[in-house]
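These figures come from a predicted structure and were not determined experimentally.
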Amino acid sequence: MKFNKNSLKNDLNGQISAELILLMSGIIIIVIVAMNLYQQYLVDVSNELKNNEVNTLIEKIDSINQYYKK
């Protein structure tokens, strides 16, 4: 079997390309998972803020109603 430098170079280029594709795929998967987790966090925080704001508004309205009922 004859050893050819060009075939070795092509093999190395192919290996580098495959490794680069795997690396980019891994980064994309990590970014998608992070975005999903962050989105769930933001939804939870926004719901909590809305609930707190609504409760505060109801308490203020109740206090105003009590003031006028006296």
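- To the nearest 0.5 Å, the span separating CG on L57 from CD on E59 amounts to 10.0 Å.
- Distance CG/L20 to OG/S25: 9.0 Å, rounded to 0.5 Å.
- M24 and I32 are not part of a single hydrophobic cluster, where members link through side-chain heavy atoms under 4.5 Å apart.
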